[in-house]
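Each remark here refers to the structure printed beneath this line.
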2 protein chains.
Amino acid sequence: MLDDTSSYKPMDHRSPMDNRTGHRIVPETARRADLLPDRRSGTRYGNRPTMKDVAARAGVGLKTVSRVVNGEPGVTADTERRVQEAIEALGFRRNDSARVLRKGRTASIGLVLEDLADPFYGPLSRAVEEVARAHGALLINGSSAEDPDREQELALALCARRVDGLVVIPAGDDHRYLEPEIKAGVATVFVDRPAGRIDADVVLSDNFGGARDGVAHLIAHGHRRIGFIGDMPRIHTAAERLRGYRTAMADAGIPVEDSWTSLGVTDPQRVSRAAEEMLSGPEPVTAVFAGNNRVTVTVVRVLAEHRRPVALVGFDDFELADLLQPGVTVVAQDAAQLGRTAAERLFRQLDGILVTPERIELPTRLIARGSGELPPAG
Amino acid sequence: MLDDTSSYKPMDHRSPMDNRTGHRIVPETARRADLLPDRRSGTRYGNRPTMKDVAARAGVGLKTVSRVVNGEPGVTADTERRVQEAIEALGFRRNDSARVLRKGRTASIGLVLEDLADPFYGPLSRAVEEVARAHGALLINGSSAEDPDREQELALALCARRVDGLVVIPAGDDHRYLEPEIKAGVATVFVDRPAGRIDADVVLSDNFGGARDGVAHLIAHGHRRIGFIGDMPRIHTAAERLRGYRTAMADAGIPVEDSWTSLGVTDPQRVSRAAEEMLSGPEPVTAVFAGNNRVTVTVVRVLAEHRRPVALVGFDDFELADLLQPGVTVVAQDAAQLGRTAAERLFRQLDGILVTPERIELPTRLIARGSGELPPAG
DNA sequence: TAGAGCCTGGACAACGTTGTCACGTCCGGG
DNA sequence: CCCGGACGTGACAACGTTGTCCAGGCTCTA
């Protein structure tokens with residue numbers, strides 16, 4: 001993780017626990033760097049002015065500067081002016097690290113999500129940010145890249161930063177590592193997927209119901225041979241959507257053939273192959289239910305090159321779904337609402353209002369645009 | 001900004017400078033909260049164990065714990081084991097605030113962007129994050145919502161957190177407020193738009209050249225009456241793209257009529273109206289150049305309901321552009337590459353390698369998909 | 001066996017801020 | 001005229017960590 005060719009020597013974000021197995025070998029370059037006069041000999045990290053400097057320049061006491069900086073009462077207009085002048089002249093900026101150390105609160109919350117580049121998480125993150133901002137807090141977010149280890153690493157790094165609260169979109173299925181943190185007072189809310197082996201607040205979409213309704217929609221339009229392409233059932237949302245698919249089929253008395261479901265594929269190539277397999281053969285499916293927006297888009301691409309019209313319903317809405325030919329029918333979940341709900345619950349925890357962990361499920365909405373209303377062909 | 005109905009009492013992120021105009025009125029609720037036993041009476045923010053506690057439990061000295069936690073050499077295996085046990089038993093986690101205070105480096109960088117929910121910035125942010133991670137640093141990002149004041153507030157809040165570096169996507173056009181920070185050693189790189197009234201590193205796309213090529217592409221396909229819909233020229237990228245448009249037209253010897261350009265509109269309704277105006281009248285445009293991805297999408301919607309085919313080239317690529325009918329020809333810029341380049345330059349600054357601010361311009365790429373190759377109609 | 005050198009571990013100060021408390025001054029009322 | 005209180009101000013400790021420095025015990029060699 002460390003780039004040893006670089007002399008930028010950041011702190012080590014690994015948790016103390018990571019040391020369990022023995023001594024860490026300090027890289028040679030880092031050891032050398034330790035000897036270099038990079039500490040506070042003043043070359044690079046130009047000594048910033050402190051309140052002490054401001055106080056000296058303004059000819060007042062340290063605490064008076066603190067009062068001015070924090071807008072506390074009990075400072076005459078004249079003194080305040082002198083202090084302000086000194087602040088501006090020196091370019092002073094309060095050091096929040098010291099402040100946090102003293103106060104015990106950081107006024108920041110952490111968000112661990114899968115991938116900021118995913119159009120589903122952008123709005124979610126933004127919604128959390130807005131709520132945080134409304135409460136005067138800063139949001140720090142990081143991507144787990146769907147890797148449980150990285151999720152843990154990130155969450156614990158945020159805890160080491162002493163964020164007041166944590167919103168986590170789980171990548172892994174065991175979050176006991178957060179128990180000491182929660183016990184220590186870190187407010188925690190899980191979003192999109194439930195927490196693993198730990199009792200905590202969870203905000204979810206109704207993945208099961210949404211998928212069931214989406215598949216039922218296809219059945220209502222005459223389909224019986226319906227394919228399902230989704231993510232690994234290890235991922236809770238994927239499992240729930242699969243369950244919704246199976247339930248809808250069972251409710252309609254339709255036996256599901258193995259060849260109709262494809263699980264665990266996410267990359268476009270394999271999704272394409274899976275879709276093409278379902279669409280060929282002696283008894284091809286006449287409709288496809290896509291388990292998430294990435295799958296949906298790939299399936300759309302496959303269907304675009306397909307002769308026979310095939311019905312499609314996707315989980316997750318996406319931009320431009322209405323402009324495609326035909327428009328793509330989706331089961332939409334409101335990412336921003338998920339984020340907002342989670343963040344608000346987080347702050348209610350911080351207010352000390354909430355005690356019992358709860359599981360909140362937000363409804364989904366079926367949006368018919370054409371692709372889900374195509375009749376069975378062939 | 002503060003939600004006074006909430007008892008969550010975060011720190012005040014305003015910069016000290018904001019106090020210039022006088023005392024801040026402390027809200028009554030906040031003052032009351034000061035008296036409540038919420039400080040460190042221990043009810044909520046459960047006293048976390050410190051190294052001292054660990055040391056006591058393990059029966060060793062404080063510094064020995066520090067050594068174990070940081071993987072420093074000079075601790076026997078037996079002592080280390082005892083310390084590790086104590087750490088685990090107490091659920092200790094190093095307090096990075098104290099660490100930062102002591103070390104002077106935070107191993108975190110800040111990113112100020114416009115809106116995380118915008119599909120252009122998600123990948124950019126993610127790219128910056130990955131580079132930061134490779135250098136062992138954490139990324140803190142915030143949205144300015146295109147508001148210069150909010151940009152400043154955010155950037156200064158990040159500086160108060162003592163981020164080691166700052167990547168800024170400017171919303172405003174005056175960044176002199178960052179001068180003291182840069183002087184104090186905060187590495188700074190501006191992305192996507194140049195910094196205002198300050199000499200700093202800038203990473204840009206070739207907005208001018210891209211737009212010129214895009215418009216030239218339309219001209220090459222026989223168009224002469226070409227419309228331009230873009231953002232306020234106050235925004236640098238918008239201005240550059242407009243300049244590219246004008247230059248391409250001038251190069252082809254085509255005089256531009258006022259009614260062909262629409263500036264400063266961003267919301268879908270007004271973009272729609274602007275597009276419809278260009279497309280009606282006695283001498284309608286036969287092609288449109290859209291100044292950014294949001295405009296492009298809206299124009300696509302308008303054109304979809306239009307009788308006559310109208311050619312379209314958009315600045316910025318977007319997902320599914322190839323699946324529309326016809327595929328949308330775009331001038332693509334690589335958001336991730338912008339982020340990567342900026343972040344790498346930032347860390348090179350932190351390494352002390354760079355001295356002279358530079359302006360880096362990344363090329364754009366024209367992707368022909370059909371809409372830009374339509375011949376003039378009417 | 002004594003002295004030199006290494007290895008392990010701990011005492012202590014410092015980082016920059018804020019909460020506590022105490023000091024001096026000025027005012028009004030007794 | 002003096003006392004009580006309000007007000008402006010500053011000295012000081014503490015937050016949790018890390019760098020420095022020193023002490024004591026060990027090994028190794030002469």
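Both backbone and side-chain heavy atoms feed into the values below; hydrogens, waters and symmetry mates do not. Throughout, a chain's letter reflects where its sequence line sits, starting with A, and its residues are numbered from 1. A quick note: this is a predicted structure, and the numbers were derived from the prediction, not measured.
Contact annotation: B:Ser66 side-chain N/O to D:dT18 OP1/OP2 distance is under 4.0 Å. Proximity of B:Arg99 to the phosphate of D:dT18: a side-chain N or O atom is located under 4.0 Å from OP1 or OP2. Distances shorter than 4.0 Å separate none of the side-chain N or O atoms of B:Asn95 from OP1 or OP2 on D:dC15.
Following rounding to the nearest Å, B:Arg105 (CZ) and D:dT17 (C1') show an atom-to-atom distance of 18 Å. As a whole-Å value, the separation of B:Arg82 CZ from C:dG9 C1' is 11 Å. Whole-Å rounding puts the A:Glu72 CD to C:dT20 P distance at 11 Å. Distance, A:Leu101 CG to C:dA14 C1': 12 Å, rounded to whole Å. Going from atom NZ of A:Lys52 over to atom P of D:dC12 covers 12 Å, rounded to whole Å.
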Kindly determine whether A:Glu130 and A:Arg126 satisfy salt bridge (charged side-chain N to carboxylate O under 4.0 Å, His left out), including the steps that lead there. CA-CA 6 Å; A:Glu130 287 304 320; A:Arg126 185 67 203 286; 2.8 Å; yes
Test log, rule side-chain hydrogen bond (donor to acceptor under 3.5 Å, both in side chains), inputs B:Arg161 and A:Asn95: CA-CA 6 Å; B:Arg161 291 289 170 104; A:Asn95 185 331; over 6 Å; no
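The shortest distance between side-chain heavy atoms of A:Val191 and A:Val168 does not fall below 4.5 Å.
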Can you tabulate the close N/O pairs, meaning under 3.5 Å, that link protein atoms to atoms of nucleotides 7-11 of chain D?
from	atom 1	to	atom 2	distance (Å)
D:dT9	OP1	A:Thr76	OG1	3.2
D:dT9	OP1	A:Thr79	OG1	2.5
D:dT9	OP2	A:Thr76	N	3.0
D:dG10	OP1	A:Gly61	N	3.2
D:dG10	OP2	A:Gly61	N	2.6
D:dG10	OP2	A:Thr64	OG1	2.5
D:dG10	N7	A:Arg67	NH2	2.8

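Electrostatic pairing of B:Glu179 and B:Lys183 does not count as a salt bridge here, judged by no charged N lying under 4.0 Å from a carboxylate O. Salt bridge B:Arg48/A:Glu181: present, at least one basic N to carboxylate O contact under 4.0 Å. Between A:Arg348 and A:Asp351 no salt bridge is recorded (no basic side-chain N to carboxylate O distance below 4.0 Å).
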